[in-house]
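Because the structure is a prediction, the values reported are computed rather than measured.
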Amino acid sequence: MTGQLDRWERLLERQLAAAPYVLLVISTALFLLTDGWSWEPVALAGMAAAWIWLVPRGAVYVAGLVVVIGVLCTQGVWFATFFGFTGYLHSWQYLKGKWRFAGVTATAAISVMTYNGGPPDLTLSGILTNLLFIAAIVAGVGLFSFVGEITAARSDERTRMVAQLEETMRENAGLHAQLLLQAREAGVLDERQRMAGEIHDTLAQGLTGIITQLQAAKRADDWRRHVDNAVRLARESLAEARRSVHAVGPGELEAAPLPEALREVVARWGELNAVRADFTTTGTVRPIHPEVEETLLRTAQEALANAAKHAGPSRVGLTLSYMEDVVTLDVRDDGAGFDPERVHDGGGFGLTSMRKRVSRLAGTLEIESEPGGGTAISASVPAVARG
């Protein structure tokens, strides 16, 4: 629609530029048809066309145009009828302020005198009649020209608004492309972080357990049991790694609900590390969103792995508590402990991974420990119902 309006505006500009010549030709042709051939009006018409074509637009141009119209009107009324319109048009277009009305008034006076066959009678009625016609013409030209100016101003305003809108759309397109790039980069970073966390939670813990079992096999008489445990850990780690690559949840949660999965994890950890490990559930057990259950399971696995690797406990206890709005997992051990103040923001990758997992669900992770006093880890996440 905007393109069509632009074409119409350009067409109107060409028509307005050609209008004086067209009106001049019509006036001359009608004069020759009615009054017969004469070189004088033809020559004057040529001079008028040259004036319009050559003289720069401005006050001098309009003044000369009014004089040319007056001279042509002495030849015949047809020049006042048609070509005189050029005086109104160009007076309003190329003059400013009160000079517009001066140019229009002079053209109107010439036209009225031409229609009347000369100057008015020097009587009150003759003069008033002449002035009334001139005033009516000036008022009509001023009104229509003012309406045209308003329309042109509105058109210019719409043109500016369209240009601003197009510029805004170009800026928005650039911002959209930038946001897409940032989102793509953020997605890549999130996926890298997810894979790093999954590798740590599956392969790293599994390899640590395998190494522990193989080291125990070297020292123990019953080495076959430790080797079997190492082989089982390797298979489980491989399976979990494959599930992580495909972004599938832990296998323990597919086989059993969260409490049963945690119970199995605790029992297996206690058996592998020859440490007493107890698991307790409080509150009303209910299905929780899979991501919440996975976070609690991974937190438990990481806490148990840290206890086996660093604490050397003789007893570990896990408690899963279902409350009205939150689900809490508490992991306690009586191992070596550490100084939380010396481990900024949770310490190594394991504790950092736990914090990130819990924070991603708008949960909290609290760690209490002291050297020789054991460690207590409490993860609390919203109890978002499954489905």
Engineer: Distance-only criterion, 3.5 Å: show the donor-acceptor pairs between side-chain atoms of residues 371-380 and protein atoms not counting sequence neighbours.
Structural biologist:
residue : atom : partner : partner atom : Å
Thr375  : OG1  : Ser369  : OG           : 3.0
Ser378  : OG   : Asp330  : OD1          : 2.8

Engineer: Can you list, by chain and residue number, the hydrophobic cluster partners of Leu165 when the side-chain cut-off is 4.5 Å?
Structural biologist: Met169

Engineer: Suppose we screen for side chain to side chain contact (heavy atoms under 4.5 Å, CB included). Which residues come up paired with Pro41, at least two apart in sequence or across chains?
Structural biologist: Phe31, Ser38, Gln75, Phe79

Engineer: With sequence neighbours left out, what residues match Trp269 under ring-ring contact (aromatic ring centres under 6.0 Å, His included)?
Structural biologist: none

Engineer: How is the hydrophobic cluster of Val25 composed, in terms of its other members, when Ile, Leu, Val, Met, Phe, Trp and Tyr link through side-chain heavy atoms under 4.5 Å apart, directly or indirectly?
Structural biologist: none

Engineer: What residues, two or more places apart in sequence or in another chain, satisfy side-chain hydrogen bond (donor to acceptor under 3.5 Å, both in side chains) together with Thr364?
Structural biologist: none

Engineer: Using links of under 4.5 Å between side-chain heavy atoms of ILVMFWY residues, direct or through other members, which residues join Val326 in one cluster?
Structural biologist: Met323

Engineer: Who pairs with Glu324 by side-chain hydrogen bond (donor to acceptor under 3.5 Å, both in side chains), at least two apart in sequence or on another chain?
Structural biologist: none

Engineer: Go through the structure and list residues passing side-chain hydrogen bond (donor to acceptor under 3.5 Å, both in side chains) with Arg100, not counting sequence neighbours.
Structural biologist: Glu149

Engineer: State which residues pass salt bridge (charged side-chain N to carboxylate O under 4.0 Å, His left out) with Arg57; sequence neighbours excluded, sorted by chain then number.
Structural biologist: none

Engineer: Among residues at least two apart in sequence or on other chains, which ones pass side-chain hydrogen bond (donor to acceptor under 3.5 Å, both in side chains) with Arg286?
Structural biologist: none

Engineer: Quick one: salt bridge (charged side-chain N to carboxylate O under 4.0 Å, His left out) pairs with a partner in residues 170-180, sequence neighbours left out?
Structural biologist: Glu167-Arg170

